[in-house]
Amino acid sequence: MRFTVDSSVAELLDNAEARLQAAGIDTPFNDAKLLLAHAAQVSLSDVDMARLMGRTLAQLQSQRNVTVSSDNTAAAFNTDCSTPHEPDAAAQFTAMLARREAREPLQHITGHAPFRYLDLLVGPGVFVPRPETESVVQAALDWMDQHGMKSPRVVDLCAGSGAIGLSVATEVPDSCVWAVEMDATAASWTRRNLDRVGATMPDLASRYRLMRADATCELTLADLDGTVDVVISNPPYIPEHDVPEQTEVREYDPDMALYGGSADGMMIPERIISRAWALLKPGGLLVMEHDISQPVRTRAFATAIGFSQAATHEDLTGRPRFLTAIKPK
């Protein structure tokens, strides 16, 4: 099927869903709808309405030009499809659909990824934040709230896109966050997201500090040793021979953000736990994401170096996903 502005939204979505399903995409209809909304520069609800009403792509695009009259009511829906529509949503949708068929990550195609209350910029060279990591952040936020912390000191080790640290900084308005990322490309994405989020939060630049450094090195943020309330980390943790099956992960997420540096994937997580021990003040909390094969080993290592109350927590799918541990007072 050749897509044009005269194609119906229903036809576009049905055809795209079939193609993506054939390509092995897990959520073909959802991805097709997101791509169409992005190509037409409209909302997902606009796409749903156009599909329901039997509208064409041209009519969907005209939603961007709905005007508001002086009495604050929307002007009549533009059904004139004879004028050119810029940009060419049909061509953009065709190109984006082909990229998704080839298993390029949806987030790379649209250029952004949702994470909690943020819309983060992502692309080649940075790990795409996952929904399961939202639970890691929530555990830290809940703990800070339970302990009445209004201006906590928080360190995000292995910051990547900045998802964890920026979520804390925006959701805890008086927090101070230090983010550490070693890779130059990934750190550039962190900086872009800091600038993006900071555009609507003027004090963010003074409360969020990004350092390009090795998160496992004892010299990194050494001046903070013994003073941090919470350390949060989503480090590389995949066992080195456990190559991800998903093309989107295997071919597009940076190896540096995936593999834990040893056969069991524990080398980097263990170093993160050790670094967190030094950074935390007595009574401080470590929250660290890990592989589903590592709950016993992460608890055992944390306990061995002195942490107490080491516990494993499940993600939204019921799999063991992250460790919490307390540095005793």
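In the model, Ser135 has no side-chain atom that pairs as donor or acceptor with a side-chain atom of His313 under 3.5 Å. Using modelled atom types and a 3.5 Å distance limit, the side chains of Glu289 and Tyr237 yield a donor-acceptor pair. Defined by atom type and a distance below 3.5 Å, a donor-acceptor pair is present between the side-chain atoms of Asp142 and Gln138. The closest side-chain donor-acceptor pair between Ser45 and Asp48, if any, does not fall under 3.5 angstrom. Between the side chains of Thr216 and Asp214, at least one donor-acceptor pair of N or O atoms lies under 3.5 Å.
Note on ring orientation: taking the six-membered ring where Trp is involved, the planes of His38 and His112 are tilted (angle from 30° to 60°).
When atom types are taken as modelled, the side chain of Arg19 and the backbone of Pro28 share no donor-acceptor pair closer than 3.5 angstrom. The backbone N or O of Val168 sits nowhere less than 3.5 Å from a side-chain atom of Glu171 that would complete a donor-acceptor pair. Between the side chain of Arg100 and the backbone N or O of Ala32, no donor-acceptor pair lies under 3.5 Å.
Apart from Ile273 itself, the hydrophobic cluster it occupies contains Val155, Leu157, Trp178, Val180, Met211, Leu221, Leu224, Val228, Val231, Met267, Ile268, Ile272, Trp277, Leu279, Leu280, Leu286, Met288, Phe301, Ile305, Phe307, Leu323, where clustering links Ile, Leu, Val, Met, Phe, Trp and Tyr at side-chain heavy-atom distances under 4.5 Å.
Salt bridge status for Glu134 with Arg116: absent, with no side-chain N to carboxylate O gap under 4.0 Å. The pair Arg207-Asp174 fails the salt-bridge criterion, with no side-chain N (NZ, NE, NH1 or NH2) lying under 4.0 Å from an Asp/Glu carboxylate O. Salt bridge Asp291/Arg319: absent, no basic N to carboxylate O contact under 4.0 Å.
With a 4.5 Å cut-off on side-chain heavy atoms, Asp264 and Pro239 do not count as touching. Looking at Phe322 and Thr312, their side chains never come closer than 4.5 Å, going by heavy atoms from C-beta outward.
When Lys150, Arg153, Lys281 are each tested for a salt bridge (Lys or Arg N to Asp or Glu O under 4.0 Å) with Asp229, only one passes: Lys281.
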